[in-house]
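As structure tokens, the structure follows; a few thoughts come after it.
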Amino acid sequence: MKMEEIRHSLSHILAYSVKELFPDAKFGIGPSIENGFYYDIEVELKEEDLGKIEKKMKEILKKNIVFKNKEVTKEEAREIFADQPYKLQLIEEIPEETVSIYTSGDFVDLCKGPHVKSTKEIDSKAFKLQKLAGAYWKGDEKNPMLTRIYGLAFESEDKLEEHLKMMEEAEKRDHRKLGKELDLFHTDEEVGIGLILWHPKGAMLWRIIEDFWFKKHLQSGYELVRTPHIGNRRLWERSGHWGFYSGSMYPPLEVGQSLEELNNKSEVKESEQFLLKPMNCPFHVSIYSNKPRSYRDLPFRWAETGTVYRFEKKGELSGLTRVRGFTQDDAHIICRKDQVEEELKRVIDFILYIYQAFGFKQESVNVYLSLRDPDNKTKYAGNDEGWDFSESILRKVAEEKGLNFKEEKGEAAFYGPKLDFKIKDVLGREWQCSTLQFDFNLPERFQMEFTNDKGEKEQPYMLHRALFGSFERFIGLLIEHYAGAFPFWLSPIQIKILPVGEGHREYAREVAEKLDNFRVKIDDNNETIGKKIREGEMEKVPYLLVVGDREKENGTISVRQRGKIDLGEMKIEEFLKNLEK
RNA sequence: GCCGAUGUAGUUCAGUGGUAGAACAUCCCCUUGGUAAGGGGAAGGUCGUGGGUCCGAUUCUCACCAUCGGCUCCA
């Protein structure tokens with residue numbers, strides 16, 4: 001609580017300093033946040049101004065400014081903030097007759113508090129202005145963009161230093177950095193931004209994960225389907241994507257002629273438009289509707305690692321976590337109403353199993369139940385009855401499964417409520433991975449139906465779900481989670497054999513043959529053994545096997561475990577036994 | 001898309017108004033090695049792209065592109 005007061009007070013001092021240095025500045029809001037504070041201000045700043053502002057803040061802090069709280073009438077407040085349009089707007093939004101203001105030195109702010117009594121309580125060495133960013137007023141793109149100044153603040157200088165060190169350490173785990181260092185993937189402007197090119201080791205990692213995924217899906221009663229990358233415009237019009245999702249879709253391909261004909265400007269007789277798929281759902285629906293379905297056939301659980309393309313705005317792209325082409329580990333469950341609960345539970349169990357299998361602790365995953373906005377019922381597909389049922393059953397199942405979830409009103413998709421699982425990256429940003437969603441839109445639009453036990457046509461329930469979310473995003477988070485040092489089963493190279501000299505290459509190959517159940521590589525570069533070990537360690541290979549005269553003689557290997565010391569000489573059989581453990 | 005920052009060899013980085021350097025990686029030669037870098041040599045850059053200022057620009061300036069941090073949006 002105290003720290004929050006300090007941080008919040010610092011944001012006022014920040015605003016105070018900006019006002020001194022830039023008298024025309026217009027102030028938005030300035031709260032305390034995790035690890036610090038910010039203030040949104042209409043003022044033009046460059047990063048080099050931060051130093052000036054920080055200096056000013058320290059000057060002000062030294063003056064032992066007292067924070068004085070006062071209730072004033074709205075009329076008075078309007079006068080005080082006459083030249084502050086954003087504050088005036090806030091005043092009007094306050095329901096009460098009076099508003100609370102805080103005065104600190106020559107600076108007055110509309111504010112509920114709480115604050116420290118005086119700047120004496122603030123350690124002027126324990127804060128630091130961090131960075132500038134743009135932020136829309138009230139978080140709305142249509143509003144003007146203010147300049148947000150972020151600051152860090154802690155109890156003491158030591159704590160601040162500690163935090164900065166921690167951030168530095170975290171940056172070393174960044175998947176974009178490790179992706180380069182471990183030679184996993186890259187992007188190329190010439191190929192297209194936001195499109196990932198997976199290198200051999202990255203593709204191997206992907207494949208290991210996909211194999212695991214495939215095996216587990218078969219075990220869990222899923223069937224695989226496979227669908228194209230493009231679909232006719234008519235399909236996307238019918239699904240609603242053409243209308244509602246166009247902001248995130250690549251524009252259509254005109255298909256009425258070849259590229260050659262196009263280049264020759266030949267006349268087009270007939271033309272169709274095709275769109276890159278941003279989602280797999282309509283294709284799966286097409287499979288469903290391909291023949292009449294009986295209540296006896298349900299549920300269908302159809303999974304596909306489907307690569308989709310979304311035209312994300314440039315500024316939103318980021319490493320593997322936000323890209324333009326990505327592969328969802330998608331599945332659709334089409335079932336009867338009486339099967340919904342059971343299916344939801346199965347999916348949640350599956351999701352939890354996946355997190356456990358990849359070492360994500362439940363506390364590092366945040367779960368959100370996204371519900372409809374009760375004040376805006378018109379923007380949603382489906383009827384109230386369906387929504388009430390699905391929202392309450394999602395909640396019930398989430399509770400029964402012991403999920404520690406937050407409910408978020410108005411966060412549902414227009415087509416249905418959902419349960420989202422988000423994982424934090426190394427910089428503390430949350431990324432949606434697993435998701436479990438109801439869909440009232442597609443069954444309606446595609447008139448999906450089955451024949452029930454009374455011989456009547458009935459509309460099935462449709463669930464979308466993804467476990468990883470996308471392979472790209474999940475692998476990005478996985479790289480950070482393990483800091484690139486993957487567990488044995490996930491390592492693209494599991495074992496590297498290092499012959500000491502040229503004379504040991506033959507023996508290295510013999511050893512490799514005995515380990516052919518594993519992903520093994522021989523490093524037969526003409527380098528010293530020290531160098532090979534260094535490279536193997538930097539590559540984060542779980543086991544390095546040194547073979548030289550001694551080992552060749554004794555029919556053994558010398559094992560070195562990643563990050564650790566020499567485990568000593570042993571027979572291959574013994575090494576294999578240890579691996580099993 | 002918007003606000004801010006960055007952009008020099010494959011990588012990590014120096015550097016300058018007079019057409020660029022280091023380390024590692026690469027290639028060649030020597031070395032035949034014992035648990036985190038053996039030695040020598042060579043090659044490698046239209047200094048993100050395109051305009052402008054200047055006798056001259058990688059350096060100053062403008063525009064664009066990409067990347068990074070935010071905002072908005074999202075798997």
Side-chain angles (χ1 to χ4, degrees), chain A residues 38 40 42-50 130-150 171 174 176-177 180-181 183 186-190 193-194 245 247-248 278-279 306 308 310-323 326-330 411 413 418 420-423 427 429-435 437 464-474 476-477 498-504 526-538 544-551 558-561 563-569:
Chain A
Y38 69 76
D40 285 349
E42 190 185 284
V43 61
E44 266 186 49
L45 291 179
K46 296 279 169 205
E47 213 149 282
E48 61 205 40
D49 295 321
L50 288 182
Q130 194 186 192
K131 60 192 176 187
L132 288 180
Y136 297 107
W137 170 238
K138 298 205 161 237
D140 190 333
E141 220 176 348
K142 292 183 211 84
N143 287 335
M145 180 164 270
L146 308 181
T147 301
R148 176 170 296 178
I149 305 171
Y150 279 98
E171 276 161 29
D174 191 310
R176 291 162 297 196
K177 189 170 153 61
K180 205 181 278 178
E181 287 172 5
D183 196 16
H186 85 287
T187 56
D188 179 354
E189 261 184 74
E190 200 179 357
I193 59 173
Y245 206 70
S248 299
M279 293 181 188
V308 298
R310 297 185 185 173
F311 192 75
E312 305 291 359
K313 292 185 206 163
K314 275 184 226 155
E316 289 161 353
L317 298 174
S318 173
L320 290 176
T321 42
R322 194 75 186 272
V323 293
F326 59 97
T327 302
Q328 294 180 314
D329 66 316
D330 208 357
E411 289 299 306
K418 52 184 186 153
D420 291 326
F421 293 67
K422 300 186 187 183
I423 304 179
L427 299 177
R429 299 176 294 198
E430 284 190 352
W431 296 97
Q432 184 178 315
C433 293
S434 311
T435 184
Q437 316 180 342
H464 306 264
R465 49 110 279 194
L467 273 26
F468 303 142
S470 81
F471 277 77
E472 286 79 359
R473 180 174 286 181
F474 192 76
L477 292 163
L498 316 179
V500 173
E502 264 175 44
H504 313 116
N526 183 12
E527 286 295 347
T528 59
I529 190 68
K531 177 92 173 248
K532 290 181 189 182
I533 286 168
R534 178 180 155 82
E535 281 176 357
E537 283 289 349
M538 293 203 306
L544 300 176
L545 309 184
V546 177
V547 294
D549 284 335
R550 236 169 26 226
E551 291 77 9
S558 284
V559 182
R560 184 190 160 105
Q561 199 177 349
K564 300 198 179 141
I565 41 149
D566 193 357
L567 296 185
E569 201 177 326

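Within 4.0 Å of A/Ala135, counting heavy atoms only, lie sugar-phosphate atoms of the nucleic acid but no base atom. Within the nucleic acid shown, A/Glu551 comes within 4.0 Å of at least one base atom, counting heavy atoms only. Contact annotation for A/Gly319: backbone-only contact, meaning every heavy-atom pair under 4.0 Å involves sugar-phosphate atoms and none involves a base. At a threshold of 4.0 angstrom between heavy atoms, the contacts of A/Gly469 are confined to the sugar-phosphate backbone, with no base atom among them. Using a 4.0 Å heavy-atom criterion, one finds that A/Thr528 contacts the bases of the nucleic acid, with or without backbone contacts as well. Looking at heavy-atom distances under 4.0 Å, A/Thr187 makes no contact with the nucleic acid at all. Among the heavy atoms of the strands lying under 4.0 Å from A/Leu427 are primed sugar atoms or P, OP1, OP2 only; no base atom is included. No contact: A/Val308 has no heavy atom under 4.0 Å from any strand.
Distance NZ (A/Lys131) to C1' (B/U6): 15 Å, rounded to an integer number of Å. Distance, A/Ile533 CD1 to B/G34 C1': 7 Å, rounded to whole Å.
Between the side chains of A/Asp549 and A/His504, at least one donor N or O sits under 3.5 Å from an acceptor N or O.
Under the Watson-Crick or G-U wobble criterion, with both distances below 3.5 Å, B/U32 is left unpaired in every strand shown. In this entry B/U67 has B/A5 as its Watson-Crick or G-U wobble partner, both defining distances falling under 3.5 Å. Remark: B/A25 base-pairs with no nucleotide in the shown strands. Criterion, Watson-Crick or G-U wobble with two distances under 3.5 Å. Look at B/A20: it lacks any Watson-Crick or wobble partner with both distances under 3.5 angstrom. Applying the Watson-Crick and G-U wobble criteria (two distances, each under 3.5 Å), B/C54 pairs with nothing in any strand. Remark: B/A43 base-pairs with no nucleotide; criterion is Watson-Crick or G-U wobble with both hydrogen-bond distances under 3.5 Å. Searching all strands for a Watson-Crick or G-U wobble partner of B/A14 with both distances below 3.5 Å returns nothing. The pairing partner recorded for B/A37 is none, the criterion being a Watson-Crick or G-U wobble arrangement whose two distances lie under 3.5 angstrom.
Between A/Asp40 and A/Arg148 a salt bridge is recorded (basic side-chain N to carboxylate O distance below 4.0 Å).
Place A/Glu44 and A/Thr321 on RNA chain B by their nearest nucleotides, and A/Glu44 ends up nearer the 5' end. Nearer to the 5' terminus of RNA chain B, by closest-nucleotide assignment, is the contact made by A/Lys314 (compared with the other of A/Gly503 and A/Lys314).
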